[in-house]
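Report on one structure; see the data block that follows.
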Amino acid sequence: NQILVGKKLAQELNMKAGDTVSLVATTAQGAMNATDLDIAGIFQSGLGLFDETTAVMPIESAQTLLNMQAQATDLTVYLKGREDSALVKRKIGALGTFEVRTWQVMNQDLTDMMKMKSKTTGIVIGVVMLIAVFSIVNTMLMSVTERIREIGTMMAMGTYQREIVGLFLCEGGVLGVLGGLIGALVGGLLAWYFATAGFNVSSMSSIDLAMGDVLYGSFSWGSIAESFLIGVLVAVVAAVYPAWMASRLKPIEALRHV
């Protein structure tokens, strides 16, 4: 004869642990039934609407209240892998006349939000990549402009065009390695901090999601290594055009450059 009450529901009805509540319900046969239950505790799921409308009790108490002995209205099955949802749905559906719904169907809004998040993340990454490319191209072009006479001198002494290209590609690679190391260090420390300490979202009460007061990030050495390699690759690719321009300079014109 005990029940758990959602935090918001308990606040609205001015209830606390230890109080007794009377539940009135319509049985499966259409009659009215009531029972008195003691509040064993107050729960907070983080899902605002759920905490505002839900009470939890032992299934035996619910079956007695609704006159549904050895019966249930819903059964939730938790799987080891969410990718098995479709297979398990078919197997359960074959057992009888059950209405079987996967988590994707029951959480369509969440699924849509996850897809939108992936697209948004891709756009943000693309914008960041473009900014990085243009920044490196600008830096390398300035480097070429400042060393036109040096490039002309090297060409006059017999340096091949491919060697000029390799020189600037190496410079771009060095910039990528240095920038990648700094980015991996700073980003890795931030990722480790949020994975360890978390981010407090208790003040964001308007978000109606099932989550606790603290959200934790994920820390992965693989992601850090991948980001570092992408940074180096972007720097080298961004240096291709300035390197090509440097290799196309005419030695005589370059030596005359002021």
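Basis for what follows: all heavy atoms, side chains included, without hydrogens, waters or symmetry-related copies. The structure presented is a predicted model; accordingly, all values stated were derived computationally and were not measured.
In M57, the CE atom is crowded: over 12 heavy atoms of neighbouring residues, nucleotides or ligands sit closer than 6.0 Å. The 12-atom threshold is exceeded at CG of D84, counting heavy atoms of other residues, nucleotides or ligands nearer than 6.0 Å. Remark: N14 CG is loosely packed, at most 12 non-hydrogen atoms of other residues, nucleotides or ligands lying under 6.0 Å away. When the shell of 6.0 Å around OH of Y241 is examined, it contains 12 or fewer heavy atoms from other residues, nucleotides or ligands.
Distance check: T20 OG1 to Q2 CD gives 10.0 Å after rounding to the nearest 0.5 Å. Here CD1 of I148 is found 14.0 Å from NZ of K250. Values are rounded to the nearest 0.5 Å. For the atom pair CE of M142 and OG1 of T145, the computed distance is 8.0 Å after rounding to the nearest 0.5 Å. Between the OG1 atom of T64 and the CD1 atom of I59 there is a distance of 10.5 Å, given to the nearest 0.5 Å. Of the inter-residue distances, the one linking D51 atom CG with K7 atom NZ reads 8.5 Å to the nearest 0.5 angstrom. Here L65 contributes atom CG and T26 contributes atom OG1; the two are 9.5 Å apart, rounded to the nearest 0.5 Å.
Of all the heavy atoms in A238 and V137, the pair that sits closest is O-CG2, 3.2 Å. Summarising the geometry of A17 relative to A40, their closest heavy-atom pair is CB-O, 4.3 Å, with the distance given to 0.1 Å. What you find for T196 and Y216 is that their closest heavy atoms are O-CE2, 3.5 Å. Closest approach of F43 to V56, counting heavy atoms only: CE2-CG2, 3.9 Å.
Remark: side-chain polar atoms of D19 are paired, donor with acceptor, to backbone N or O of K16 under 3.5 angstrom. At least one donor-acceptor pair under 3.5 Å links the side chain of Q63 to the backbone N or O of Q71.
When hydrophobic clusters are built by joining Ile, Leu, Val, Met, Phe, Trp and Tyr residues whose side-chain heavy atoms come closer than 4.5 Å, directly or via intermediates, I182 is grouped together with L190. Taken together through direct or relayed side-chain contacts under 4.5 Å among Ile, Leu, Val, Met, Phe, Trp and Tyr, I224 and Y193 form part of one hydrophobic cluster. A continuous path of ILVMFWY side-chain contacts below 4.5 Å connects L9 to I39, so both sit in one hydrophobic cluster. At a threshold of 4.5 Å between side-chain heavy atoms, the hydrophobic network of Ile, Leu, Val, Met, Phe, Trp and Tyr places V77 and L95 in one connected group. Hydrophobic clustering, with ILVMFWY side chains joined whenever heavy atoms are under 4.5 angstrom apart, groups M140 together with I151.
Using a 4.5 Å heavy-atom cutoff, the side chains of V234 and V133 are in contact. Between M68 and T73 there is a side-chain heavy-atom pair separated by less than 4.5 Å. Within the 4.5 Å cutoff, the side chain of N67 has no heavy atoms near those of the N33 side chain. Counting heavy atoms from C-beta outward, Q11 and I42 have side chains that stay 4.5 Å or more apart. Proximity of M32 to T27: side-chain heavy atoms (C-beta onward) are nowhere separated by under 4.5 Å. Side-chain contact between L79 and V88 is present, with heavy atoms from C-beta onward closer than 4.5 Å.
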* To do: List the steps, then state whether side chain to side chain contact (heavy atoms under 4.5 Å, CB included) holds for I230 with M129.
  => CA-CA 9 Å; I230 290 176; M129 289 293 185; 3.0 Å; yes

* **Check against side chain to side chain contact (heavy atoms under 4.5 Å, CB included), V5 and V21** => CA-CA 10 Å; V5 179; V21 296; 5.7 Å; no

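Ring geometry, F199 versus F194: the interplanar angle exceeds 60°, so the pair is classed perpendicular (tilted spans 30 to 60°).
For W221 and F219, the ring centers are positioned less than 6.0 Å apart.
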Donor-acceptor contacts, no H, no angles, side chain residues 156-180, under 3.5 Å, sequence neighbours left out:
from	atom 1	to	atom 2	distance (Å)
T159	OG1	M154	O	2.8
Q161	NE2	S247	O	3.1
E163	OE1	Y160	N	2.9
E171	OE1	R147	NH2	2.6
E171	OE2	S143	OG	3.2
E171	OE2	R147	NH2	3.1

